[in-house]
Number of protein chains: 2
Amino acid sequence: MDLDERKFKILQAIIDDYITTAMPVGSRTISRKEGMGLSSATIRNEMSDLEELGYLASPHTSAGRVPSWRAYRLYVDQIMRVSSLPPSEYSLLRSIFSSRMGQMEDVLSSATQALSAMTDYTSVMIAPQMRSIARIQLVPLTSSTALMVTVTDEGVHKDSVIAVPAGVTPDHLYALSNLLTERLAGKDASEYPAAIQELSREMSGQRELFARLMDSLQKQMEPDAHSVHVAGAARMLAHPEYSDLKKARSLLSTLETQDKLAKLLLRRTGVEFSVAIGPELSEEGMQDCSLVTVSYRVGSGVGTMGVIGPTRMHYGRVISVLEAMKNVMNEALLPPGSRKESVKRKEEKHEGK
Amino acid sequence: MDLDERKFKILQAIIDDYITTAMPVGSRTISRKEGMGLSSATIRNEMSDLEELGYLASPHTSAGRVPSWRAYRLYVDQIMRVSSLPPSEYSLLRSIFSSRMGQMEDVLSSATQALSAMTDYTSVMIAPQMRSIARIQLVPLTSSTALMVTVTDEGVHKDSVIAVPAGVTPDHLYALSNLLTERLAGKDASEYPAAIQELSREMSGQRELFARLMDSLQKQMEPDAHSVHVAGAARMLAHPEYSDLKKARSLLSTLETQDKLAKLLLRRTGVEFSVAIGPELSEEGMQDCSLVTVSYRVGSGVGTMGVIGPTRMHYGRVISVLEAMKNVMNEALLPPGSRKESVKRKEEKHEGK
DNA sequence: AGTTAGCACTCGATAGGCTTGAGTGCTAAC
DNA sequence: GTTAGCACTCAAGCCTATCGAGTGCTAACT
């Protein structure tokens, strides 16, 4: 079961080679490598062992070997070295954000595109899920409707139109906004029932309006799949694993179903770091893909971003780009002053199952 | 230049056949058709004429003929019969919307997906561009920041965080909201400069805040590419024109660049109906595509939706689906009471250049 | 004059056969 | 334990032959 150092070294060489060439790797290729000092025959023997142990597979008799997902797992967990992003790229990344402090959605959208451009894989990002809201505002629209807007420190969280009974004036709505905010803002979801109970008593004169408000509020607090950003899905077509149209189609339609992606990301939200390889994703149409995710923080909210590429992806590079992006986003999205010191990357690379 | 009736009939037969099979059409195939009553030799002569006139092309000597974009243009303008959507599908469509009267973005997203599913092509939709806003609301966040939210009758239009000078209280912001709304809401963009001029005088005591407000307002009024919905891009891979990976990739990355799509749609916003075929789109990577668009109305806003498919698309079907979708969305998005009678489809099919 | 049958010709697509070369696994010698 | 040597495998590339759908032209027919 355990691999001796030589097997390790050979496996690493095979994976490194395969990652860049996408072609089955033969024993001679490895034996010729600098610092290997072993003949192809010896490598063959070792490869044969590695195959038996489940780290390699051969597409057919006279082709080379291809790493299995177990090999990638090992690679990610123990072999790979992650270097941090070179300063030149780091500052390039920073420059993307410096220009615009606009709406959150725009920032996320640019970030997602940058992520994809820098890795040449598909990237995916979910907006920070706010744990608590800063304010609830009722905005008068017509005499019979109003807009209920929940707001966080970063901007509008959600909004919905509600009907209001006749006789409720804008000033009324303003006062009500203040009341709702006072009772509900800043609280954790667990504290809501009690607060709502109390509010219900105080507003017993306006049962109908109150019911509508709470109904909308509840809907707004549900996590929604809506805010998933995807970029660079077309890039996957450039990688040889998707020269088969059927595979390509199946992958791309998975990448289009936002709730599947949302689920994949939400499951990893709060996990600082995660790498899921092929079968571990248990998502049909992504069997040949890996997903690397990082969680990022914006104020009280936690979001997750990830890169989806073939299992044969440049894990090291992807991880360092994600790491950098997380830091840069933190800086860009936090108003100056409330900034925390940047956190050193921890050496946890295991998939948090 | 003019085509006699027989050439018309033959051309129609060729296009019909090619639309369903995607294979070059030969003379025998046409001569065997019901009600044609001509030998293949005669058809060949006619085809030869049609080729000279630019309506047909042959990929190589011994293949059949393929319609050119001119043929499709003729087809769409003069030959095609559009039947309205069968009631069963119509009500299916309606049922999608009946369940949810939620946020605008959700509705648009479902509509786009439905459009793609019903046509088996890619669909694209742009949110209604509001011409005037119903209210401007300033929502206090922290002691030094506030959220400026512009709102239409249908919900939040846009929002952005602004810094507020010390000493500005929530009540202050509320009063200011009312003032801004009174002076700016409901107005056309052309009336803004005058109103802003006047406001500027009145608020001369708060130059800094005023400048920030107007700055944000201006940004929010710019039309943005952000709200483009795309669905079913992966479906294009199923059509034989995109069995070539290079073409597929180029198309898909075009479909991913939202501002290109936004431009295509915005240019057609307000045009009731438009069909653009291949080269008419003048968009690299979409030379083999057609775009059919329809504009829809929601309150004071006008949005546009479209279907992108191969030039060899089922124009009739696509048009009837779009027509139906427009009507259904109208019903679904207008609050009951303010509903207009549904408009009969006009026979304008020309591309509005 | 328009239509059609007949025929030679073109050319992509498909299938079989051959060659090449990268790769393996095994064995025997070092 | 390592390596050289060798027989064997199999995909990929290439050539060739065949097939058939399709055209264009000409001559005969209505």
Side-chain angles (χ1 to χ4, degrees), chain A residues 2-11 13-18 20-33 35-68 71 240-241 243-245, chain B residues 2-11 13-18 20-33 35-68 71 240-241 243-245:
Chain A
D2 257 351
L3 301 183
D4 60 29
E5 189 160 348
R6 197 169 72 176
K7 285 197 172 57
F8 250 83
K9 205 170 152 191
I10 292 173
L11 188 56
I14 294 173
I15 297 177
D16 281 341
D17 194 270
Y18 187 69
T20 56
T21 66
M23 305 282 281
V25 186
S27 52
R28 271 204 85 209
T29 316
I30 300 301
S31 87
R32 268 193 310 242
K33 283 235 158 106
M36 192 54 70
L38 289 172
S39 79
S40 64
T42 311
I43 304 284
R44 275 204 288 285
N45 289 332
E46 296 288 43
M47 279 175 149
S48 178
D49 291 355
L50 285 167
E51 180 163 4
E52 203 155 335
L53 290 166
Y55 293 102
L56 295 178
S58 41
H60 58 84
T61 343
S62 75
R65 304 296 214 295
V66 163
S68 70
E241 19 276 285
S243 56
D244 177 15
L245 264 188
Chain B
D2 257 349
L3 302 183
D4 60 29
E5 189 159 347
R6 196 169 73 177
K7 285 197 171 57
F8 249 83
K9 207 171 150 189
I10 291 174
L11 188 56
I14 293 173
I15 296 176
D16 281 341
D17 193 272
Y18 187 69
T20 57
T21 66
M23 305 281 283
V25 187
S27 52
R28 272 205 84 211
T29 317
I30 300 301
S31 88
R32 268 193 311 243
K33 283 237 159 108
M36 193 54 69
L38 291 170
S39 79
S40 63
T42 312
I43 305 285
R44 274 204 289 286
N45 289 331
E46 296 288 42
M47 280 176 147
S48 176
D49 292 354
L50 285 169
E51 182 163 1
E52 202 155 335
L53 290 167
Y55 293 103
L56 294 179
S58 41
H60 57 86
T61 345
S62 77
R65 303 296 214 296
V66 163
S68 70
E241 19 276 285
S243 56
D244 177 15
L245 263 188

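Values reported hereafter were calculated over all heavy atoms of this structure, with side chains retained and with hydrogens, waters and symmetry mates removed. Throughout, protein chains are lettered first and strands after them, A, B, ... in sequence-line order, and every chain is numbered starting at 1.
Annotation: of the two residues near DNA chain C, A/G26 and A/A41, the 5′-most nearest-nucleotide partner is A/G26.
D/dT23 atom C1' lies 15 Å from atom CD1 of B/I30, rounded to whole Å. The distance from atom CE of B/M47 to atom P of C/dT3 is 16 Å, rounded to the nearest whole Å. The interatomic distance linking B/E52 (CD) with D/dG24 (C1') rounds to 13 Å, in whole Å. The CD atom of A/E51 sits 13 Å away from the C1' atom of C/dG23 (whole-angstrom rounding). Here C/dG23 presents its P atom at 14 Å from OH of A/Y18, a figure rounded to the nearest Å. One can place CD1 of A/I43 at 16 Å from C1' of C/dA22, the figure rounded to the nearest angstrom. A/H60 has its NE2 atom 9 Å from the P atom of D/dC10, to the nearest Å. Rounded to an integer number of Å, the gap from A/N45 CG to C/dC26 C1' is 10 Å.
Minimum interatomic distance between B/M36 and B/S31 (heavy atoms only, all atoms of both residues): CB-O, 4.1 Å. The minimum heavy-atom distance linking B/P24 with B/G64 is given by the pair CB-N, 3.6 Å. Closest non-hydrogen pair, A/R65 versus A/S48, comes out as NH2-CA, 3.6 Å.
Counting heavy atoms from C-beta on, the side chains of A/T42 and A/R6 come closer than 4.5 Å.
Phosphate contact (OP1/OP2 of C/dT3, side-chain N/O of B/R6, threshold under 4.0 Å): present. The side chain of B/T61 places no N or O atom within less than 4.0 Å of a non-bridging phosphate oxygen (OP1 or OP2) of C/dC9. Dashed line: the shortest gap from a side-chain N or O of A/R44 to OP1 or OP2 of C/dC26 is not under 4.0 Å. In this structure, B/S62 does not reach the D/dA21 phosphate: none of its side-chain N or O atoms is under 4.0 Å from OP1 or OP2. At C/dG25, one or more side-chain N or O atoms of A/R65 fall inside 4.0 Å of OP1 or OP2 (strictly under the cut-off).
Nucleotide C/dA29 forms a pair with D/dT2, judged by Watson-Crick or G-U wobble geometry with both contacts under 3.5 Å. Across all strands shown, D/dC8 forms a Watson-Crick or G-U wobble pair, both distances under 3.5 Å, with C/dG23.
Side-chain N or O atoms of B/S68 include none that pairs as donor or acceptor with a backbone N or O of B/A57 at under 3.5 Å.
You'll find that the side chain of B/L38 is closest to C/dT4, out of D/dT9, C/dT4, D/dT3.
Across all strands shown, B/T42 has heavy atoms under 4.0 Å from base atoms, whether or not it also approaches the sugar-phosphate. Note on A/S27: only backbone sugar-phosphate atoms sit closer than 4.0 angstrom, heavy atoms only; bases stay farther off.
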